[in-house]
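Here is the naming used below: chain letters follow the sequence lines, and residue numbers restart at 1 for every chain.
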Amino acid sequence: MEKDRTLKEITPKSQDYSQWYLDVVLKADLADYGPVKGCMVIKPYGYAIWELMQREMDRRIKETGHVNAYFPLFIPKSYLEKEKEHVEGFSPECAWVTIGGGEELDEPIAVRPTSEAIICSMYAKWVQSWRDLPILINQWANVVRWEKVTRPFLRTTEFLWQEGHTLHATAEEGREETLKMLEVYRSFAEETLAMPVLHGQKSDSEKFAGAASTFAIEALMGDGKALQAGTSHDLGQHFSEAYGIEFLDKDQTRKRPWSTSWGTSTRMLGGMVMCHGDDSGLVLPPRIAPYQVVIVPIPPRKGSWDEAVLPKAREVLAALRAAGVRVRLDDRDQFQPGYKYADWEMRGVPLRLELGPKDIEKDQCVLVRRDTREKLFTPLAGLGARVNELLEQIQAGLLERARAFVAGNTTRVSSWDEFKQVMATKRGFILAGWCGEAEVEAKIKEETKATIRVMPMGDPQPAPCVYTGKPGRLVYFAQAY
RNA sequence: CGGGAUGUAGCGCAGCCUGGUAGCGCACCUGCUUGGGGUGCAGGUGGUCGCCGGUUCAAAUCCGGCCAUCCCGACCA
């Protein structure tokens with residue numbers, strides 16, 4: 001539309017949601033395209049956010065009794081082939097290494113699309129006795145999946161993630177672990193990213209290749225499509241059978257352990273961007289904002305900016321640091337204040353602190369909230385405590401706002417016409433009955449693009465199938481990313 | 001892989017119909033200016049016009065082929 005769009009202007013969110021998303025990712029300095037299709041460069045600002053997410057997720061994973069380790073990037077073809085469903089699910093999207101050191105390899109090596117195969121093979125050597133269980137290992141790694149359609153963060157050829165792989169003596173323990181990690185993901189999404197999610201079990205058609213059952217958290221994006229933000233799989237004994245993992249139990253019989261795996265990736269970062277961002281760019285929840293506060297000093301009309309304002313700004317910087325706030329002083333004198341406002345808004349910094357000669361006279365500063373754009377004239381005395389209080393309010397406010405959006409875009413429908421109507425207009429989550437047949441699920445997808453995102457936890461709520469009218473249970477539908 | 005569109009400076013685009021010195025905005029560089037919401041002015045750097053071939057005195061422009069990207073399908077935990 002507009003010819004003279006500058007680099008920093010962002011497509012309105014309501015006008016073209018996917019273009020808006022790409023604008024934010026590229027212009028807010030999160031990422032750039034690499035030379036290989038679908039391979040993304042995560043730039044320093046994006047990586048700083050990822051590191052904060054990582055730190056918090058890692059804390060939660062360790063708090064639930066897990067430890068970190070690292071397994072190889074390369075997986076021999078024969079290892080991958082041991083679990084039939086697993087290889088069928090992943091083989092088409094594997095990158096294969098067939099030449100090494102200039103010579104054709106005897107056996108192709110896959111670049112890991114996920115690490116069940118290599119990790120279970122190692123576990124087979126490590127486990128002998130019930131005393132070796134449980135094994136509760138997590139790894140932070142990169143994986144490669146050769147996707148046909150890619151989008152920065154949401155679906156990339158290579159991505160960063162954590163994947164947990166556990167072994168347990170009993171089915172109950174395995175199931176308990178699966179649900180425990182689902183809860184870790186749910187609470188991380190809501191408490192750290194301020195991103196509300198549905199959680200529940202996947203239908204068979206959406207299950208992980210080789211799993212007994214898959215659980216997931218699903219977030220709702222601004223265009224009414226759902227994003228799977230984390231999965232936790234109860235693998236049953238499928239993998240311990242396939243990889244020959246056995247242990248001698250207390251009752252002196254040989255048994256197969258039960259295994260689980262669970263993962264979250266850089267996709268969560270993309271989800272967070274879509275969840276909170278607005279027409280000015282990113283809006284970061286304070287807990288994962290690399291800078292929670294940016295100080296923009298205002299130069300005096302006449303005289304030296306160094307003498308009048310900067311020393312005070314440095315004092316404020318030190319005070320906020322001492323209060324545990326991640327803060328940056330933007331003292332670049334080649335940019336004007338207005339430019340800096342727009343710049344940091346685009347990068348989603350939760351609070352901007354303006355400090356000029358007028359403020360210094362009154363011993364105050366101006367705080368501006370990124371989420372509400374509210375201006376707050378704040379005394380410099382007790383600033384650290386006030387800022388921390390505001391950051392918590394912003395964190396809570398973002399979650400509340402996002403919850404209201406999900407609530408307003410979740411529709412309980414009882415007729416097929418209504419279902420189609422909702423999918424044709426506002427989309428979002430649809431709560432409707434389903435008879436449990438995969439064929440019906442496929443038909444619904446064919447006609448509306450909606451798939452079952454999750455079956456809610458707890459006892460199934462009976463409801464007639466929205467498509468066939470047969471007896472069924474309530475499940476959540478949505479069009480997926 | 002099927003349907004549609006687009007490839008011209010780092011980004012966004014005009015020029016093509018009607019062939020004749022490759023342009024504009026942003027970004028970038030220099031200088032001054034300005035500074036509480038993207039300052040203003042002046043000067044400047046940067047492009048084998050996606051690739052290959054054809055027509056022509058002459059091709060960004062016309063013709064043919066190829067390649068790439070995007071959208072809609074298909075495919076995809």
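- Comparing B:G47 with B:G3, their C1' atoms sit 34 Å apart, to the nearest whole Å.
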#### Entry: Audit row: A:Val475, A:Phe477, side chain to side chain contact (heavy atoms under 4.5 Å, CB included) steps and yes/no
CA-CA 7 Å; A:Val475 298; A:Phe477 289 87; 3.4 Å; yes

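- Not a single donor-acceptor pair, N or O on each side, falls under 3.5 Å between the base of B:G35 and the side chain of A:Gln334.
- When the P atom is used for both B:U45 and B:C1, the distance is 46 Å, rounded to whole Å.
- For A:Gln228, whose side chain is taken as the heavy atoms from C-beta onward, the closest listed nucleotide among B:G37, B:A77, B:G36 is B:A77.
- Among B:U39, B:G36, B:A77, the nucleotide with an atom closest to any side-chain atom of A:Gln336 is B:U39.
- Taking the C1' atom of each, B:C72 and B:G10 are spaced 30 Å apart, rounded to whole Å.
- In this structure, A:Lys426 places its NZ atom where more than 12 heavy-atom neighbours from other residues, nucleotides or ligands lie under 6.0 Å away.
- When distances are taken from the side chain of A:Lys449 to each of B:G73, B:G35, B:G37, the shortest belongs to B:G73.
- Here the separation of B:C16 from B:C62, taken at their C1' atoms, is 10 Å to the nearest Å.
- Side-chain proximity of A:Lys445 to B:G37, B:U39, B:C76: nearest is B:C76.
- If you take atom C1' in B:U61 and the same atom in B:C17, they sit 9 Å apart, rounded to whole Å.
- Taking a pair to require two hydrogen-bonding distances under 3.5 Å in either a Watson-Crick or a G-U wobble arrangement, B:A14 remains unpaired.
- Out of B:G38, B:A77, B:C76, the shortest distance to the side chain of A:Glu206 is found at B:A77.
- Take the nearest nucleotide of RNA chain B for A:Thr114 and for A:Phe335: the residue whose nucleotide is more 5' is A:Phe335.
- In terms of modelled atom types and a separation under 3.5 Å, the side chain of A:Ser265 and the main chain of A:Leu160 share no donor-acceptor contact.
- Between B:C76 and B:G19, the two C1' atoms lie 48 Å apart (nearest whole Å).
- In this structure, A:Glu88 places its CD atom where more than 12 heavy-atom neighbours from other residues, nucleotides or ligands lie under 6.0 Å away.
- The stretch residues 82-97 of chain A touches RNA chain B through A:Gly89, A:Phe90, A:Glu93, each having a heavy atom within less than 4.0 Å of the strand.
- For residues 351-362 of chain A, proximity to RNA chain B is found at A:Arg352, A:Glu354, A:Gly356, A:Pro357, A:Lys358, A:Asp359, defined as any non-hydrogen atom under 4.0 angstrom from a strand atom.
- Rounded to whole Å, the C1' atom of B:G25 lies 12 Å from the corresponding atom of B:A9.
- With contacts defined as side-chain heavy-atom distances shorter than 4.5 Å, the pair A:Glu374/A:Val368 does not qualify.
- Evaluation of atom-type donor-acceptor distances gives no pair under 3.5 Å for the side chain of A:Arg155 against the base of B:A77.
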